[in-house]
Trainee: 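The following block contains the structure, expressed as structure tokens.
Given the structure is predicted, the values throughout are model-derived calculations rather than measurements. Below, chains carry the letters A, B, ... as their sequence lines are ordered, and counting in each starts from 1.
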Amino acid sequence: MPELPEVETVARGLQERLPGSTITGATVYWPRTLACPAPEEFQARITGRRVESVGRRGKYLVITLDHGYLLVHLKMSGRLFMAPADDAQDPHIRAVLDLDGGRQLRFRDARKFGRIYLVDEHEEVTAPLGPEPLADCFSLEEFRRRLGRRSGRLKSMLLNQEFLAGVGNIYSDEILFTARLNPLRRADTLTADEQVRLYQAVRSVLHRAINSSGTTLPDRNYLDAEDRAGEYRAEVYGRTGRPCLVCGTPIERTVIGGRSAHFCPHCQL
DNA sequence: CTAAAATCCTGGTGGC
DNA sequence: TGCCACCAGGATTTTA
């Protein structure tokens, strides 16, 4: 499932080739893919736009146009990539933007959870998001401030996009393992030292995951815009029953807020 | 406030 | 081999 490191990898790949392209048309094969506006208005407004840059905010791909923004959320199975217009299309293509030079930007999404937004200001979509965990301005002090006001479980807190933008189910588990904190702990019970560990784990895990181009699980759920798999190796996610890489205790799995949580019962307190 | 459950979806999996 | 029930998961919405 694409989270911050995977979306960042896709954004960097598209940034190599997409800027400067002019969008000459659009086809939406699965109408619900389009969060806004309605298909006819989308087609009218996107045609003739030029791509200026490709970036990321939280788990959203942010494509800056000469007028407005195209935002794409990949959700569970979404992929965004460029292809020659005469390449065969697979049945899971939900939307296609025609580009100049006989190319296309294709949105493929087997599970149909992904969404595309065309807006004048990207804040129309991204306003509710919490801070970017890797931004220079995201300080320990700000993290502590946000943490102190919460009483929920750490696992649920890290998954909350209004608390912090971009962390999903894999990296929330990896961050808590690195911080040696139990996913069931309540946020307002952390000692000062534990707050520092969590802050540093958020930054180091996401940073290392980006440097490894993200995580591709054995089912190959994620590939970047150039079909490359991520090389990050999860230490607890999906390793239920296997030995903890630090102490050898079998990794446990539980459900918190409807999400699977993997952790070492010995290392994470 | 937290939190759980339901919702949207389909590919993959385990049981028989 | 085939069929089927079930699960995963991000975000939102509903309910307690």
Trainee: Is the phosphate of B:dG11 approached by A:His92 (side-chain N or O, under 4.0 Å from OP1 or OP2)?
Mentor: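 Answer yes for this pair, as a side-chain N or O of A:His92 is under 4.0 Å from OP1 or OP2.
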Trainee: Kindly point out which of B:dG11, B:dA3, C:dG10 is positioned nearest to the side chain of A:Lys75?
Mentor: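 Closest of the options to the side chain of A:Lys75: C:dG10.
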Trainee: What is the separation between atom CG on A:Asn160 and atom P on B:dT2, rounded to the nearest whole Å?
Mentor: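 Roughly 9 Å, once rounded to whole Å.
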Trainee: Do A:Tyr69 and A:Leu99 belong together in a cluster built from hydrophobic side chains that touch within less than 4.5 Å?
Mentor: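 No, A:Tyr69 and A:Leu99 fall in different hydrophobic clusters.
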Trainee: Tell me which nucleotide among C:dA8, B:dC1, C:dA11 gets nearest to the side chain of A:Lys59.
Mentor: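 Nearest listed nucleotide: C:dA11.
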Trainee: For C:dG10 and A:Arg259 - does any side-chain N or O of the residue sit under 4.0 Å from the phosphate oxygens OP1/OP2?
Mentor: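 Checking A:Arg259 against C:dG10: at least one side-chain N or O falls below 4.0 Å of OP1 or OP2.
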Trainee: Once you round it to whole Å, what is the distance between P of C:dA11 and CG of A:Leu4?
Mentor: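 About 11 Å, once rounded to whole Å.
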Trainee: What is the nucleic acid contact for A:Ser156, judged by heavy atoms within less than 4.0 Å: base, sugar-phosphate only, or nothing?
Mentor: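 Nothing, no heavy atom under 4.0 Å.
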Trainee: Using a heavy-atom cut-off of under 4.0 Å over every strand shown, decide if A:Gly258 touches base, sugar-phosphate, or nothing.
Mentor: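 A:Gly258: no heavy atom of the nucleic acid under 4.0 Å.
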Trainee: Is the shortest side-chain N/O distance from A:His73 to OP1 or OP2 of C:dA11 below 4.0 Å?
Mentor: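 So the side-chain polar atoms of A:His73 do come within 4.0 Å of the phosphate oxygens OP1 or OP2 of C:dA11, strictly under.
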Trainee: Rounded to whole angstrom units, what separation is found between the CG atom of A:Leu164 and the P atom of C:dA11?
Mentor: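 Checked: the CG to P distance equals 12 Å.
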Trainee: So which of A:Asn160, A:Asp173, A:Asn182 actually passes side chain to side chain donor-acceptor pair (under 3.5 Å) with A:Lys155?
Mentor: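 Exactly one option meets the side chain to side chain donor-acceptor pair (under 3.5 Å) with A:Lys155, and it is A:Asp173.
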Trainee: Say you draw a straight line from CE of A:Met157 to OG of A:Ser151; how long is it, rounded to the nearest 0.5 Å?
Mentor: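 A:Met157 atom CE to A:Ser151 atom OG measures 11.0 Å (nearest 0.5 Å).
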Trainee: Do NZ/NE/NH1/NH2 and the carboxylate oxygens of A:Asp120 and A:Arg45 come within less than 4.0 Å?
Mentor: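 Result for this pair is yes, salt bridge flagged.
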Trainee: Is A:Arg253 touching bases, backbone alone, or none of the nucleic acid, heavy atoms closer than 4.0 Å?
Mentor: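 The answer is sugar-phosphate, as A:Arg253 gets under 4.0 Å only of primed atoms, P, OP1 or OP2.
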Trainee: Give me the atom names and distance for the closest heavy-atom approach of A:Arg57 to A:Leu129.
Mentor: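 Scanning both residues, the minimum pair turns out to be NH2-O, 3.5 Å.
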Trainee: Examine B:dG11: is either OP1 or OP2 under 4.0 Å from a nitrogen or oxygen in the side chain of A:Lys112? Give yes or no.
Mentor: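 Looking at the OP1 and OP2 atoms of B:dG11, neither is under 4.0 Å from any side-chain N or O of A:Lys112.
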Trainee: Roughly, in whole Å, what's the span from CG in A:Leu159 to P in C:dA8?
Mentor: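 Those two atoms, CG and P, are 14 Å apart.
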Trainee: A:Asp109 has an atom CG; how far is it from atom C1' of B:dT10, in whole Å?
Mentor: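 Checked: the CG to C1' distance equals 10 Å.
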Trainee: Does C:dA11 have its OP1 or OP2 closer than 4.0 Å to a side-chain nitrogen or oxygen of A:Gln161?
Mentor: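 Result: yes.
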Trainee: Answer yes or no: is there an ion pair linking A:Asp227 with A:Arg79, defined by an N-O contact shorter than 4.0 Å?
Mentor: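 Looking at A:Arg79 together with A:Asp227, the answer is yes, because their closest N to O distance falls below 4.0 Å.
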Trainee: A:Arg186 side chain: which of B:dA3, B:dC9, B:dG11 is closest?
Mentor: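 Closest nucleotide to the A:Arg186 side chain: B:dA3.
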Trainee: Give a yes or no on whether a donor-acceptor pair under 3.5 Å exists between the nucleobase atoms of B:dA3, that is its base, and the side chain of A:Arg153.
Mentor: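 Between B:dA3 and A:Arg153, which were checked side chain against base, a qualifying N/O pair under 3.5 Å is absent.
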Trainee: Both A:Gly152 and A:Phe113 contact DNA chain B. Taking the nearest nucleotide for each, which residue is further toward the 5' end?
Mentor: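 Its nucleotide being nearer the 5' end, the pick is A:Gly152.
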Trainee: Between A:Ile256 (CD1) and B:dA4 (C1'), how many Å, whole number?
Mentor: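 Nearest whole value for this atom pair: 13 Å.
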Trainee: Please report, rounded to the nearest Å, how far the C1' atom of C:dG10 is from the CZ atom of A:Phe163.
Mentor: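 Those two atoms, CZ and C1', are 18 Å apart.
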Trainee: May I have the distance from A:Leu217 (atom CG) to C:dC7 (atom C1'), rounded to whole angstrom?
Mentor: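 Taking CG of A:Leu217 and C1' of C:dC7, I get 15 Å after rounding.
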Trainee: Quick check for you: among B:dC1, C:dG10, B:dC8, whose closest atom lies nearest to any side-chain atom of A:Arg32?
Mentor: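 When the side chain of A:Arg32 is considered, B:dC8 is the closest of B:dC1, C:dG10, B:dC8.
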